[in-house]
Amino acid sequence: MSSANWPSVKAGAAAAVCAATVAVSALPAAARTPGDGPHVAGDAPATVSAARLDRPGVQVRSAPDVDEPPDVSALSWMVTDADDGRVLAAKDAHRELPPASTLKTLFALAVLPKFGQETVHTVSEDDLSGIIPGSSLVGIKEDLRYTVADLWRGVFLNSGSDAVRTLAAMNGGWEATLDDMRAMADRLGARDTDVESADGFDTPGQHSSAYDLTLFAKAGLTNRDFARFARTKEAQFPEAGGPDSFGIQNTNRLLVGSHGVEPYPGLIGVKNGYTSQAGNTLVAAARHDGRTLLVTVMNPQSGKNNAVYEEARSLLDWGFDAAPDIEPVAMLPDRVGPPTASPEPRDDGPDPREPAADRADRAAHRRATDRAAVLRAAAVGRASGTADGLGPGVWWLTGVGAVLVTGFTVAVYRRRRS
């Protein structure tokens, strides 16, 4: 390179440096500053920000031709697309409240994968020790043999604390099970949950949130056995029959239709609960036209009979209407969940106990879940977008590239001068 060309090199270098400086300085503060955990700051209209769920009151993005969510009385609630993790709307999603038996979803996540469903256990007196008076029971008897599947039906259908105690005893004891549940909550990013009782009974220091209970249900539905038990309406207990066997029915009125509640079309579980401190709580999942929604409702205040079920119904109706058109207020974290099947030997074919319609639904759910990563990537792209469609990450890379080009140009010039 001749000395006559040096001014043009300097001009090009200066322009590149200026471009890099402008690009980097144009980055938003939130893009250049580390966040404070899983709830990242930032709330531009096109931004999907988990921090919005930390705000009090109802959080929803308005959209043309989409109604506002129904005005329900629950202290906390959340509506989520279970397939892609989009939170469509929520009220006080991180408010820490007693969960009652909805916490059994976390118990199932932690313990269900550890035992084959056909494993047989003879119940002992020690298995049933520690049950708090007033707890719901399925009616387990000492010295009777139950399969693990029987015990899980007792958990999911009748919310039986005796079934929880028996499974916890098989799992190494009550305290070991609490530790497993805490570890699972941490693994899923459930920051609002403190576990002090595996069955959800009111215990000092125990709480969860609509957000965390949604995480548990979403993870649970990926487990074939969890999903099967959650949607079971009635069963024989124990299933093998005999003189000590009797029929049980799921206490989730929105699933079975009872006590003046009409069953919700397409409902697939998940868990209801009640204690004097928690009030009524419910996590409900329903599937329509290939879309699965999760609604969590905690402690309605209206005083109306069946309020938790009717408020969940209205939120599900709104969610299915709004889901195709509304932007999410947040995305559930894409964290690694629990094992997706219990460790009993299975071949690679379909479960013969599972109805064909359920297999088809589950296959559709898997296909929709496979699309979740694409939708998350699109959401991240929208979150980083600017008015002209280029996000701060693009401008940052442009600035870095300009600096590198400048350094290369100067190095070439110096080599040729020498």
Side-chain angles (χ1 to χ4, degrees), residues 38 94-116 119 121 123-138 140 146 148 151-220 223 225-226 229-230 270-278 281 283 296 298 335-339 342-343:
H94 287 291
R95 181 171 178 176
E96 296 176 351
L97 295 166
S101 287
T102 55
L103 194 64
K104 291 183 174 79
T105 55
L106 178 59
F107 171 72
L109 286 176
V111 179
L112 192 151
K114 295 188 177 184
F115 304 101
T119 300
H121 177 74
V123 176
S124 69
E125 181 180 358
D126 288 343
D127 291 343
L128 301 177
S129 63
I131 296 176
I132 300 173
S135 299
S136 56
L137 304 173
V138 65
I140 290 176
Y146 298 88
V148 165
L151 298 174
W152 283 114
R153 281 186 281 270
V155 171
F156 277 89
L157 276 67
N158 270 57
S159 215
S161 292
D162 46 356
V164 172
R165 289 276 175 176
T166 302
L167 286 162
M170 295 174 63
N171 189 51
W174 194 249
E175 291 301 323
T177 299
L178 296 182
D179 288 341
D180 287 347
M181 292 173 67
R182 292 163 185 150
M184 180 59 69
D186 289 343
R187 182 179 179 183
L188 294 174
R191 74 178 195 184
D192 308 319
T193 298
D194 282 334
V195 180
E196 300 296 338
S197 176
D199 58 4
F201 198 85
D202 291 332
T203 307
Q206 179 161 277
H207 51 77
S208 190
S209 68
Y211 182 91
D212 286 4
L213 293 173
T214 301
L215 287 181
F216 304 153
K218 183 177 183 296
N223 180 300
D225 293 317
F226 183 111
F229 293 130
V270 179
K271 192 71 190 78
N272 58 309
Y274 172 81
T275 65
S276 58
Q277 293 182 24
T281 58
V283 186
T296 301
M298 302 190 75
R335 296 180 185 271
V336 177
S342 300

Across all chains, not counting sequence neighbours, the side chain to side chain donor-acceptor pair (under 3.5 Å) partners of Asp126 are none
Practice item. Check whether any side-chain heavy atom of Lys114 sits under 4.5 Å from a side-chain heavy atom of Met170, and report yes or no. Key: no
Across all chains, not counting sequence neighbours, the side chain to side chain donor-acceptor pair (under 3.5 Å) partners of Thr166 are none
Exercise for the section: Output yes when a side-chain donor or acceptor of Thr281 lies under 3.5 Å from a complementary backbone atom of Pro99, and no otherwise. Expected result: yes
Side chain to side chain donor-acceptor pair (under 3.5 Å) filter on Thr102, not counting sequence neighbours, yields none
### Query
Can you check whether Gln277's main-chain N or O pairs, donor with acceptor, with Asp202's side chain at less than 3.5 Å?
yes
Notebook entry, point to check: Do Leu157 and Val138 have side-chain heavy atoms sitting under 4.5 Å apart?
Noted result: no
- prompt: Is the backbone of Asp192 close enough, under 3.5 Å, to the side chain of Asp212 for a donor and an acceptor to pair up by distance?
  reply: yes
Hey, does Tyr211 have a side-chain heavy atom less than 4.5 Å from the side chain of Thr193? no
CG (Leu167) and OH (Tyr146) are apart, to the nearest 0.5 Å, by 12.0 Å
Value for CG (Asn158) from OG (Ser101), rounded to nearest 0.5 Å, stands at 10.5 Å
| request: May I ask you to test the Ile132-Ser161 pair for a side-chain heavy-atom distance under 4.5 Å? | output: no
The complete set of salt bridge (charged side-chain N to carboxylate O under 4.0 Å, His left out) pairs with one or both residues in residues 161-175, sequence neighbours excluded, reads none
Discussion item. Donor-acceptor pair, distance only, cut-off 3.5 Å: does the side chain of Asp199 make one with the backbone of Phe201?
Written reply: yes
| query | Which word best sums up how the rings of Phe229 and Trp152 line up, parallel for under 30°, tilted for 30 to 60°, or perpendicular for over 60°? | reply | parallel
Minimal heavy-atom distance between Trp174 and Ala168, with the atoms involved, is CE3-CB, 3.9 Å
In this structure, OG1 of Thr119 is separated from CG of Leu151 (nearest 0.5 Å) by 10.0 Å
Here the gap from Leu178 atom CG to Phe107 atom CZ, rounded to the nearest 0.5 Å, amounts to 9.5 Å
Interatomic distance, OG@Ser208 vs CZ@Arg95, rounded to 0.5 Å, equals 13.5 Å
Sequence neighbours excluded, the answer for side-chain contact (heavy atoms from CB on, under 4.5 Å) partners of Thr203 is Glu196, Ser197, Gln206
Residue set satisfying side chain to side chain donor-acceptor pair (under 3.5 Å) with Ser124, at least two apart, ordered chain then number -> Asp127
Do you see a donor-acceptor pair shorter than 3.5 Å between the side chains of Ser159 and Lys271?
yes
In this structure, CE of Met184 is separated from CG of Asp179 (nearest 0.5 Å) by 13.0 Å
